[in-house]
Protein chains: 2
Amino acid sequence: MTHRMARVSTIQDVARLAGVSPTTAKRALREADKLTPETLARVQAAIEALHYEPDQRAGGLRGGQSQTVGLVLGSIVEPFFAQFARTAARTLNRAGYTLIITENEYSAAREVEELRRLYGQRVAAIMIRAGYGPESREYLARMVARGVVVVEFDYTSPNSPYTHVMLNNAAAMYSAVAYVHRLGHRRVAALGTYHPSIHPEERSRAFPEAMNAHGLTVPPEYQRVTLLTEDTAYRLTHDLMSLPAPPTALIALAGTQAVGAYRALRERELHIPGDVSLLTFDNYPWTALVEPPITVIEQPVEAMAEATALKIIAALEGGSTGESITFPGKLIERGSCGPPKPD
Amino acid sequence: MTHRMARVSTIQDVARLAGVSPTTAKRALREADKLTPETLARVQAAIEALHYEPDQRAGGLRGGQSQTVGLVLGSIVEPFFAQFARTAARTLNRAGYTLIITENEYSAAREVEELRRLYGQRVAAIMIRAGYGPESREYLARMVARGVVVVEFDYTSPNSPYTHVMLNNAAAMYSAVAYVHRLGHRRVAALGTYHPSIHPEERSRAFPEAMNAHGLTVPPEYQRVTLLTEDTAYRLTHDLMSLPAPPTALIALAGTQAVGAYRALRERELHIPGDVSLLTFDNYPWTALVEPPITVIEQPVEAMAEATALKIIAALEGGSTGESITFPGKLIERGSCGPPKPD
DNA sequence: TGGTTCAATGATCTCGTGACCATTGGCGTA
DNA sequence: TACGCCAATGGTCACGAGATCATTGAACCA
C-alpha cells in the first residue's frame, strides 16, 4: 500500500447522479418530507450508489461550531475515568455528537494544550475534570466567551464558575470516618492532605473535618500533600507506617492509590485488618479479589457520566447546563476494616 | 449561564488589526521566514491580542482530509487499551495530529457506526483493533479507497490486507504451555476456543497447537467459544472446574478474563496453585497484589502503541505504513503456578 | 539607464455544507 | 379568468483556511 488517490463523493456528485440540484439532494438528508416520494427515492438511490457520507466539518464551518464535544479526563488509565468516558460517549453519540477524549494527567499546565487542540476543532462543548493549578483557567474562560459550553465533573476547582456533576465527597468521607471510628480507630490517615493549589481536593479537605466531627484530630505527621497516583500512595504509606505512632486505619482517595497502599502494606508484612485497616474510594473489580477484600466507597460512575452528558446536550439544544448535581457514594463493607490492635 | 454570543476571531480579524492582508497574516503561522521582522511582529502582536487560534477544520476542507486520526479500541475500560490510547495520543500529538478515541466492544457490527462517525470527521487515518465479524470489512475498505490510512493492532482479522502491529501470540502461548507442562500439568484449558467468526483470536488458535507440540491434546469438553469479558471467563471457569476431570491449569487470554476466573476459583474455595494453576495475559497491577500473585505474560504496550502511531505518521507524511511488526510477550513467573496435585 | 531578479505582500479561488432567497407551476377561489 | 397561495425545486453566498498566481518595489548588473 503506497499512496492514495482520494476521490470522495460529495452531495454535488449525488445531485448530479440523481439529476437534481444540490439543494434538493441535501433536503433528502434533513428535510425528507419536503420532497416528492419519487425525487426522494432517486436521491436516496444515488446516495446509496456513491456511498455518500456528509463531511461533518464543512457543515459546522458555517455556524462556527461543530457537533463535537471534548472530554478532558484526569487520567485515561484510571478505570473510573475510562468508564466515565464510555458512558458519556454513548449518551452523546445517541444525540448525534462526536466525543473527543483527552486527559490532563491532573495538571492544568498540561491541560492547556489539550484545550487548545479541542478548540482547534471548534468543539461545541467541553466536559472537564480540571487539573490542578491556575494555568488553564483563563483559557477556559476565553472558550466560554466564544460560546463553548463547559461542565465540570468529579472535581471542581475552587471558585469555579461552571456547573458541575460530582460525588458528594464530604458525605462520603464522613461515612468512611464514621465507620472506622465506630470500629474503634482513633489514629486515622488519609493518603493525601489538602493544599489550595497542589491538591485542592474535596476529599482531602473533608477528611480532617470529618475527623473533628468525631472528636478526633489529624496529627501533623500524618499530613502530606500528594497526587492521586499509585506511586505517591505507595511511598506515603511506607512513611506513615514507619512513624512512632502509625495510623491504625488508612483511607485511600482513589482506586489507583489503593494499589500503592496495598503494595506497601504487603511489603511491610502488615496484616489487614489485624495490624491496619484499609478503605478506599472506587469499587474496582480487584478490590474484591484480594485477601481480605477491601472495603470501598463506590461511585455511581455511569449515572454521573450520563448526567454530565445530558447537561451538555441540554445546553447545546438551546437550554442551559442547569444546576450542579452531586451523587451519593456508597460504603461497601468487606473485610479490610476491623477493630484496631490494642496499643 | 444561559446562551452564547459566539464571536470567534479569524485570520481576517488578525490581518485587519495588524494592517496587512489575510495572506500575509497566514504566513506568520506557517512561513514566518518570508516576512519582514517588523511585519511578523505586528501580526504576532495581533494574534496575541485577539487570542487567535486557527480553525483546524477549515484547513483540512481544502485538501479533503484533516490532521485527525481515529483510534478504534476493543474496550476502553480494558487497561491494556487505555494505556495503548495514552501512548498513541502522545506520539500523534507530538506530530501535530489530534486523536479521536472510540471503542467497538469487540463487535464489527458496533464498529461500523464508529467508523462512520470517524469518516464523517474525515480522519486521515485509523488505528484499529477490529471487532469480530464481517460487517465492517466493506466499510473499512471503502475508507481506504478514499485515501484513509489503516493500521491494525493487537488483532488482525483473517485475510486482512492491512499492516498490523501485534504481540507474537503464538510464541507467547507456546511459552505459557511450555511453562505449565514443565511443572507437570497435562490437563490444561484456555479460557476461550478458536472460532472462525465468533472468536478468531490468535491466542485461542495457538493454544491447541502449543499443546500438541508438547504431546498433549485439548479435550473437547474444555473447548468453549467465548468472548474476552470477565463474565464469560467467570462462567467458563465454573463450568470447567465442575467437570469430572477438571483442568489443573487455566490460561486466561486477557487481563479482564483473569478477574472472572479468579473470582470463580475463590468461590469454589480452590487453592492456587495447590488445586489449580492460573496464568494470564496482561501484567496488571492487581495481579501482583492477590495471594498468591499471578504469573502473567506481559505485553510491551507502550512500544506497541508507539510503533502503531509511527506507522500512521510515516504513511501520512507521504511514505507507507511499512511491514507488519510483532512484539514478544514476556512470561513473568509469580506464585500462581505450581505442580499439579497428584490424581 | 533599462532590464532582470527576487523578496515582500496581496487577490482570488477552492473545499463541502447550511442558510436564505428565488423560481416554477399547479390548484383553488372570488 | 385573474389572482394568490403553496409545494417543489433551484441558485447563490458564507464559513475560514490553504494554494496559487499576481503585483509591487527595491536592489543589482551590464
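Naming convention: chains lettered A, B, ... in sequence-line order (proteins, then strands); numbering from 1 in each chain.
For the OP1/OP2 pair of dT9(D) and a distance below 4.0 Å, the side-chain nitrogens and oxygens of T39(A) include at least one atom meeting the criterion. A sub-4.0 Å separation between OP1 or OP2 of dA7(D) and a side-chain N or O of T36(A) is absent. The phosphate of dG10(C) has neither OP1 nor OP2 within less than 4.0 Å of any side-chain N or O from T23(B).
Taking every heavy atom of both residues into account, T87(A) and A305(A) meet most closely at CB-CB, 3.6 Å.
Position along DNA chain C of the nearest nucleotide to G59(B) versus S21(B) favours S21(B) as the more 5'-ward residue. Where V20(B) and Q12(A) each meet DNA chain C at their nearest nucleotide, the meeting point lying more 5' is that of V20(B).
Residue R27(A) places its side chain closer to dG10(D) than to any other of dG10(D), dT17(C), dT9(C). Ranking dC15(D), dT17(C), dA17(D) by closeness to the L61(A) side chain, first place goes to dC15(D).
One interatomic measurement links the two molecules: NZ of K34(A) to C1' of dA19(C), which rounds to 12 Å at whole-angstrom precision. Put simply, CG on L29(B) is 15 Å from P on dG16(D), counting in whole angstrom units. Separating the CZ atom of R57(B) from the P atom of dT14(C) is a distance of 22 Å, rounded to the nearest angstrom. Atom-to-atom, CG of L40(A) to C1' of dA8(D) comes out at 13 Å; the value is rounded to the nearest Å. Taking atom CZ of R30(A) as the reference point, atom P of dG16(C) lies 17 Å away to the nearest angstrom. We find that CZ of R62(A) is positioned 7 Å from P of dC15(D), with the value rounded to whole Å. R122(A) has its CZ atom 18 Å from the C1' atom of dG16(C), to the nearest Å. Separating the CD1 atom of I11(B) from the P atom of dA19(D) is a distance of 14 Å, rounded to the nearest angstrom.
In this structure, K311(B) contributes its side chain and E323(B) its backbone to a donor-acceptor pair below 3.5 Å.
For E31(A), the CD atom is densely surrounded, since the number of other residues' heavy atoms within 6.0 Å is greater than 12.
Relative to the ring axis of Y139(B), R137(B) does not place its NZ or CZ within 45° and under 6.0 Å from the centre.
Within the nucleic acid shown, Q56(A) has no heavy atom closer than 4.0 Å to any nucleic acid atom. P22(B) comes within 4.0 angstrom of nothing in the nucleic acid, heavy atoms only. Base contact: K26(B) has a heavy atom under 4.0 Å from a base atom.
Here CZ of R27(B) is found 11.5 Å from CD1 of I11(B). Values are rounded to the nearest 0.5 Å.
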